[in-house]
Amino acid sequence: MSLSLIAFLVLIAAFALGSFTRVNAGLAATVAAFGVGTLVAGMPIKDVIAQFPSGLFFILVGATLLFGIVRVTGTIDLLAYWAERLAGQRRLLVPVLMFLLTALLASAGAFTPAAIAIVAPVALALGARFGISALAMGLVIVQGANAGAFSPVNPFGVLANVMLDEAGGGAQDTLKLYIYCFVFNAILAVLAYAVVQAIMNRRNGRADGSAPVPTGGSTAAERVAEEAWNDPEEEAEAAGSQTGVLTAAPRTKAGAAHVEKGPVKVDVTPMRLLTLTGLVALLVLTTAFALDVGVASLVIALVLICVKPAVQKPAVEGMPWSAIILVTGIVTYVGMLESMGALEELQAGIASLGNSSVAALITSYVVGIVSAFASTTGTLGVISPIVTPIAADPLLSPIGVVTAIAISSSVVDVSPMSTSGALLMASAQPKDERLFFRALLLWAIAMIGVVPLLVWFVFVQLGIG
């Protein structure tokens, strides 16, 4: 057994440990980096320590600290209040506004699970009031988080931009990556909402004892999805659960009275306005002036803390240190793999395919499958050195390849085995958990089967970008 194979098996073991236990995969990878690096590869400890991504660490710390201040100051509550006021009695505006709110939080630097966890309670409550399926609303929220996930201040975007820089992408490609991912996820959110809401309306129609009205607008995707999600043992229960997760809330008089109840007012305070100004300044400084994301985030965070020192303690305590350890630990191990030459062997295997375009397609499917069961941030960190030589091929566009990889890795985050999918599962009522689990799993499988091929064709083959 080669040394490289041993090193990759240890990395897989670290992922498995993090997936099936409560142990942080990044912590396991950090310890494994020292074990494999020193004992297997014969590297000095100082060389292993040198693989720690200090620049990435400062970006993650700065961005998450700033987002923690956004949360502590109640700025998120203010945004949710504005969204509810804007929706009024217009039902279709609710998913649109929740999509935009989640995308805004992710664009400001929130980890996608954090953005989903914050917006989900607001979105599902609004959905119940307006008769919108919680599953449809949940998919919209996840796509909203993914839409903003590749901003230059989000951890996903940070890792994707590292690939772009190393592949020779231009300064304008950072903005292009964000826009392409945003537009793709917005289109996918519309599709998900339309298909799932149509299915749920049919189920509700059967629960009411009325046959569904045939229309010419029924799509093959809707018919296949409806049959796949029907469970003979749960059909009657799920269809009759008018307050359950998978069905739309009935529009009763009581419900109508509840809809008329206005949203709880959230006051506009100077601190919240200053925080919003800071978020805008962050995006401008990082995109228009190419200022380092970590530096810009820390400067803005310091200004806000100086204005109101009381926000410092809860903001620091609320930072996702577990996720930071996960990302930096995985990247440290990957750096060790690169130093010992293991990645060169893997890259040579992919290069032996003789076609960078085909290699990009295969890599897109690999990251999609792995991300469905493991951390997307960890997957992007591992795959980065492999993507770089593919994206650097003169026959391909770096932004096209990286966009395809970015979308393929994140679109499966609805999987119930992922953090984002697990958060949606947590919103399900106990009697609906089986159906909800299967619906999310089927949607993730559909995304794995279709999206990598689609984005590869659009961004790699057609060369859009």
**OP:** With sequence neighbours excluded, tell me which residues meet side chain to side chain donor-acceptor pair (under 3.5 Å) with Glu166.
**Re:**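 Residues passing side chain to side chain donor-acceptor pair (under 3.5 Å) with Glu166: Thr388.
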Original post:
Sequence neighbours excluded, which residues qualify as side chain to side chain donor-acceptor pair (under 3.5 Å) partners of Thr275?
Top reply: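 If we apply the side chain to side chain donor-acceptor pair (under 3.5 Å) test to Thr275, skipping adjacent residues, there are no hits.
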How about [X] and [Y]: does a side-chain donor come under 3.5 Å of a side-chain acceptor?
{"X": "Asn146", "Y": "Thr112", "answer": "no"}
{"X": "Ser2", "Y": "Ser4", "answer": "no"}
{"X": "Trp456", "Y": "Ser408", "answer": "no"}

For [Y], does its backbone N or O pair with a side-chain atom of [X] as donor and acceptor, under 3.5 Å?
{"X": "Asn24", "Y": "Ser322", "result": "yes"}
{"X": "Asp173", "Y": "Gly169", "result": "no"}
{"X": "Tyr180", "Y": "Ile399", "result": "no"}
{"X": "Arg22", "Y": "Gly18", "result": "no"}
{"X": "Thr21", "Y": "Leu17", "result": "yes"}
{"X": "Asn355", "Y": "Val358", "result": "yes"}

So, do [X] and [Y] sit near enough that their side-chain heavy atoms are less than 4.5 Å apart?
{"X": "Tyr178", "Y": "Ser107", "result": "yes"}
{"X": "Gln51", "Y": "Val331", "result": "no"}
{"X": "Met200", "Y": "Ile132", "result": "no"}
{"X": "Val455", "Y": "Phe184", "result": "yes"}
{"X": "Val142", "Y": "Ile116", "result": "yes"}
{"X": "Val10", "Y": "Tyr333", "result": "yes"}
{"X": "Ile12", "Y": "Phe15", "result": "no"}
{"X": "Ile179", "Y": "Val183", "result": "yes"}

Original post:
With respect to Ser409, which candidate in Val367, Ile383, Thr363 satisfies the side-chain contact (heavy atoms from CB on, under 4.5 Å) definition?
Top reply: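 It is Val367, the one option of Val367, Ile383, Thr363 that forms the side-chain contact (heavy atoms from CB on, under 4.5 Å) with Ser409.
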So which heavy atom on [X] is nearest to which on [Y], and how close?
{"X": "Leu304", "Y": "Val311", "answer": "O-CG2, 4.5 Å"}
{"X": "Ile407", "Y": "Cys181", "answer": "CG1-SG, 3.9 Å"}
{"X": "Thr332", "Y": "Ala33", "answer": "CG2-CB, 4.4 Å"}
{"X": "Ala136", "Y": "Gln197", "answer": "CB-OE1, 3.7 Å"}
{"X": "Ala115", "Y": "Ala106", "answer": "CB-N, 4.4 Å"}
{"X": "Leu188", "Y": "Gln143", "answer": "CD2-NE2, 3.4 Å"}

Original post:
Is the number of heavy atoms from other residues, nucleotides or ligands under 6.0 Å of Phe52 CZ greater than 12?
Top reply: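 Yes, CZ of Phe52 has more than 12 neighbouring heavy atoms, counting only those of other groups under 6.0 Å.
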**OP:** Taking atom CD1 of Ile45 as the centre, report whether more than 12 heavy atoms of other residues, nucleotides or ligands fall under 6.0 Å from it.
**Re:**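 No, the 6.0 Å shell around CD1 holds no more than 12 heavy atoms from other groups.
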Atom pair [atom1] ([X]) and [atom2] ([Y]), whose distance is rounded to the nearest 0.5 Å:
{"X": "Leu273", "Y": "Leu78", "atom1": "CG", "atom2": "CG", "answer": "7.5 Å"}
{"X": "Ile405", "Y": "Leu164", "atom1": "CD1", "atom2": "CG", "answer": "11.5 Å"}
{"X": "Leu276", "Y": "Thr75", "atom1": "CG", "atom2": "OG1", "answer": "5.5 Å"}
{"X": "Arg272", "Y": "Thr73", "atom1": "CZ", "atom2": "OG1", "answer": "7.0 Å"}
{"X": "Ile362", "Y": "Ser357", "atom1": "CD1", "atom2": "OG", "answer": "10.0 Å"}
{"X": "Ile49", "Y": "Met336", "atom1": "CD1", "atom2": "CE", "answer": "13.5 Å"}

**OP:** Could you give me the CA-CA distance, side-chain angles and deciding distance for Leu302 and Leu298, then say whether side-chain contact (heavy atoms from CB on, under 4.5 Å) is met?
**Re:** CA-CA 6 Å; Leu302 178 61; Leu298 288 172; over 6 Å; no
**OP:** Start with the C-alpha gap between Ser339 and Asp47, add the side-chain angles, then the distance that decides, and say whether side chain to side chain donor-acceptor pair (under 3.5 Å) holds.
**Re:** CA-CA 9 Å; Ser339 294; Asp47 289 351; over 6 Å; no
**OP:** Could you please spell out the steps behind the side-chain contact (heavy atoms from CB on, under 4.5 Å) verdict for Leu285 and Val295?
**Re:** CA-CA 10 Å; Leu285 290 173; Val295 173; over 6 Å; no
Subject >> Ring-ring centroid check Phe150 Phe156, cutoff 6.0 Å >> reply: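 They qualify: ring centres under 6.0 Å apart.
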Original post:
Can you pull the side-chain hydrogen bond (donor to acceptor under 3.5 Å, both in side chains) pairs that have at least one residue in residues 187-196, sequence neighbours excluded?
Top reply: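 For residues 187-196, and leaving out neighbouring residues, there are no side-chain hydrogen bond (donor to acceptor under 3.5 Å, both in side chains) pairs at all.
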